[in-house]
Amino acid sequence: MSEMEDNFGAVEAVLVRPEEAFVVTVDGFEGPLDLLLALARDQKVDLAKISILRLADQYLEFVESARRRNLELAADYLVMAAWLAYLKSRLLLPQPPSLDGEPTALELAARLRWRLQRLEAMREAAARLMARDRLGREVFARGDPEPVTVVKLRTHTDTIYDLLSAYSAQRLKRVRGNTYRPPHAPVLLIEEARARLERMLGRIGNWSGLVSLLPADWSYGAKRRSALASTLLACLELARDGRIEIRQLKAFDEVYVKDRAGPAAPEVAA
Amino acid sequence: MNRVLRLAEIAGDTEAVDMPAGAPPQINPEHLRMVEALLFAASEPLSAESLSGSLPEGADIAALLSELQQLYEGRGVSLSQVAGKWQFRTAPDLAFLLRKEKPEQRRLSRAAIETLAIVAYHQPVTRAEIEDIRGVALSKGTIDVLMEVGWVKIRGRKRTPGRPVTYGTTEAFLLQFGLESVSHLPGMDELRAAGFLEAVPPSGFDIPSPSDELAPDEDPYEPGDDLTDEAPDPIS
Amino acid sequence: MNRVLRLAEIAGDTEAVDMPAGAPPQINPEHLRMVEALLFAASEPLSAESLSGSLPEGADIAALLSELQQLYEGRGVSLSQVAGKWQFRTAPDLAFLLRKEKPEQRRLSRAAIETLAIVAYHQPVTRAEIEDIRGVALSKGTIDVLMEVGWVKIRGRKRTPGRPVTYGTTEAFLLQFGLESVSHLPGMDELRAAGFLEAVPPSGFDIPSPSDELAPDEDPYEPGDDLTDEAPDPIS
């Protein structure tokens, strides 16, 4: 039994090779089984009683005539032809005693007959299915449905506690805000000053005054104080890293900066 | 009786029931079925003319429609006429079936509850006054939200230039927060006692005593008033 | 007679007509109206459960549905049971009236139609099994088309080497073809009795019946699975 399965399975596997994903139809047939079914109908007998021997002949004839007409048949048609020729020869020979599970020719023929019947049964089922009254074609649902409207029933969970605490906190904050609010002094961060200087490296003239390096919009008032302090600290960091030199002649005097990587003195590093 | 017989005729086999002699306009049950199906499947109301166009020649469309309307009378579905056209609709008294209520719990945003509290304590209060008390401009939707929830209403207009509208709280507000009237909102001492304010509030801090009564400088709101609810913008 | 009286009762006022003694299950006319309205309003079929959910406690939904079905029998609109749910649909014999400039639905190829039928009758079924029945390789797009139309879905994996995916039909398929369930497919019993729903010629094996339930050798499909839908090719 299982060997019969295997045996047949091998033929079928060839018939349905996935790489033949596009199927060349022969005169409108969808594969060898479809062709066989059409030929079987020509015999005008019940499929259950169809002569497989005659069917094999019809099929081989068909393949032969296709060949004569120079039609190129898809491989699966040829595989079926070869298998039918083999089946035919076995059916014609006297039946040898069944070898240990090996399917007999009659069994193979019966199985083919059954597959044809099954295909036809499914075809009829498909036809019956498609003949049903279909929604949107023969029968129609309500054309203008009245959908259920969802009404949101909102409930608020706010309590008198929320109300009073929001009010008290807000009023207090406001009253305090009016009495003392530390003024926010503008601050140029040291990191910003340093990043700015680093971008300027190579373009700083020899011994430029520190004041000349301040950002233009930070050159007066509180902003100037913050910018001066941050830029000085940034210069000290860069000097520590050996990227610039700093000089001040005496306390509180102007601070001068020299770019060690500047274009004027490229090899000063030594 | 006549009516019932005709019902039976439509519902069941046509041969079995004899039309009583002298029955009013001959209703062809086949035509009735057709009108029924056409109206059911239509995506919009149909006029008698367009129904006629789909029915066999000579069908008495007016009689058919009136028969169909009677047939559905008192049922879950009724045949109604809108703008001269016909359509099936579910019976109006069953509208509740087509409405699902979905409970949803919400909380006001910080800005909204602060604004609500200010309206409650300082009413009647104008938008500009609310902004002054909060120290922040009111975003467009805040008062709208409170009015939509139904806790804040426009109560009048202030007798100042521009006649800005004044806001106050509603009955629903009192219900939500369990207050008998706005004058029952806790005052300074009670807020202090409840721990909302520290023992010694900053100097100049006071809590107003709100009232439902019109303020001396307030006019009642008349819906006929123009709908600007703000003082003219001083900038534009 | 009984029937007619009940019809009259539903159509008109309830008091006027006495229920005949010994009437079958008491149909509450209000409940009947409600079921009618709910089904009429819905754009999709409704299950008995969901109808129950909208009706008053204790309403006999089965009796109401069967009463309503009878009430609409022979009319232009009828109450049909599809995919285990209930929906009003126009009577099939009136198709000629309603089939107008409906945009022609995508035409399915012969291969697609056959494949659909095989999936419907043989589900759960693998691609290899479909190919075995048709005796030809399925072209790549065939199942895709059916899935795109929404009639076929991946339902699981077969517990065989390679764990190929199994296909089945969807609820939309049942709705489209007006089927109560897959076991109501036309000619199902005959096909089963003849053994044509089996993979091998009948020889006294158990006969499977298509079902939405997972087959004994089927695992539910998990979208996380890799998308190979075929057993490893024994040839390549």
Side-chain angles (χ1 to χ4, degrees), chain A residues 1 4-5 8-10 12-23 28-37 74 76 80 107 110-111 113-148, chain C residues 40-45 77-78 80 82 87-92 94-95 98-99 102 105 108 110-111 113-118 120-122 128 131-140 175-179 185-188 190-191 194-198 200-203 230 233-236:
Chain A
M1 183 62 202
M4 168 176 140
E5 286 294 290
F8 216 88
E12 278 156 5
V14 175
L15 290 182
V16 297
R17 281 166 99 114
E19 55 264 45
E20 269 157 26
F22 81 100
V23 177
F29 292 110
E30 291 208 18
L33 208 57
D34 187 29
L35 172 54
L36 273 174
L37 189 56
D76 46 359
M80 178 61 92
E107 277 167 344
R111 163 130 191 171
R113 214 177 272 123
W114 179 77
R115 286 190 72 199
L116 289 171
Q117 282 178 275
R118 184 177 62 169
L119 179 60
E120 186 168 69
M122 289 322 298
R123 291 251 162 98
E124 285 163 4
R128 270 198 304 269
L129 188 62
M130 299 313 281
R132 285 184 71 82
D133 295 320
R134 285 161 62 182
L135 187 64
R137 288 169 55 116
E138 284 82 25
V139 297
F140 296 82
R142 176 94 186 272
D144 186 16
E146 300 160 69
V148 171
Chain C
F40 217 83
S43 54
E44 300 289 321
V77 169
S78 60
S80 41
V82 279
Q87 187 175 39
F88 276 121
R89 294 181 165 198
T90 56
L94 296 177
L98 304 163
R99 192 169 24 192
K102 278 276 168 188
Q105 275 163 320
L108 290 179
R110 201 177 121 198
I113 290 171
E114 273 179 32
T115 303
L116 176 64
I118 292 169
Y121 284 87
H122 288 258
E131 292 180 331
D132 178 57
I133 293 167
R134 297 192 64 233
V136 71
L138 263 184
S139 77
K140 196 80 198 122
L175 298 185
Q176 169 71 209
F177 291 94
L179 292 162
L185 280 161
M188 188 62 154
E190 294 84 337
L191 284 170
F196 290 133
L197 300 184
E198 296 200 63
V200 290
S203 49
E230 270 154 308
D233 187 347
I235 294 159
S236 63

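Order of the sequence lines fixes the chain letters, A, B, ..., with proteins taken first and strands second; residue numbering starts at 1 for each chain.
- When C/I133, C/L94, C/L179 are compared by the number of non-hydrogen pairs under 4.5 Å with chain A, C/I133 comes out ahead.
- Distance check: C/Q176 CD to A/R137 CZ gives 7.5 Å after rounding to the nearest 0.5 Å.
- For a residue to count as touching a neighbouring chain, one of its non-hydrogen atoms must lie under 4.5 Å from one of that chain's; by this rule A/E124 does not touch chain C.
- Only the backbone of C/F88 comes within contact range of chain A, with heavy atoms under 4.5 Å apart.
- Among C/A41, C/A117, C/G187, the residue making the largest number of heavy-atom pairs under 4.5 Å with chain A is C/A41.
- Of the two parts of C/I118, the backbone and the side chain both hold a non-hydrogen atom closer than 4.5 Å to a non-hydrogen atom of chain A.
- Atoms NE2 and CE, from C/H122 and A/M122 in turn, are 4.0 Å apart once rounded to the nearest 0.5 Å.
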Inset, instruction - Tell me, with the steps shown, if A/L129 and C/L185 meet side-chain contact (heavy atoms from CB on, under 4.5 Å). - result: CA-CA 8 Å; A/L129 188 62; C/L185 280 161; 3.9 Å; yes

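- Using a 4.0 Å cut-off between charged nitrogen and carboxylate oxygen, A/D34 and C/R134 do not count as a salt-bridge pair.
- You'll find the side chain of C/R89 stays beyond 4.5 Å of the side chain of A/D133, heavy atoms only.
- Atoms CE and CZ, on C/M188 and A/R128 in that order, are 11.0 Å from each other to the nearest 0.5 Å.
- When all heavy atoms of C/Q87 and A/A141 are compared, the pair lying nearest together is NE2-CB, 3.6 Å.
- The distance from atom CZ of A/R118 to atom CG of C/L191, rounded to the nearest 0.5 Å, is 11.5 Å.
- Per-residue heavy-atom pair counts under 4.5 Å with chain C were compared for A/E146, A/R132, A/Q117, and the maximum is reached by A/R132.
- Taking both residues in full, the closest heavy atoms of C/F196 and A/A121 are given as CD1-CB, 3.6 Å, listed atom of the first, atom of the second, then distance.
- Each of C/V77, C/V82, C/I113 has some count of heavy-atom pairs under 4.5 Å with chain A, and the biggest count is that of C/I113.
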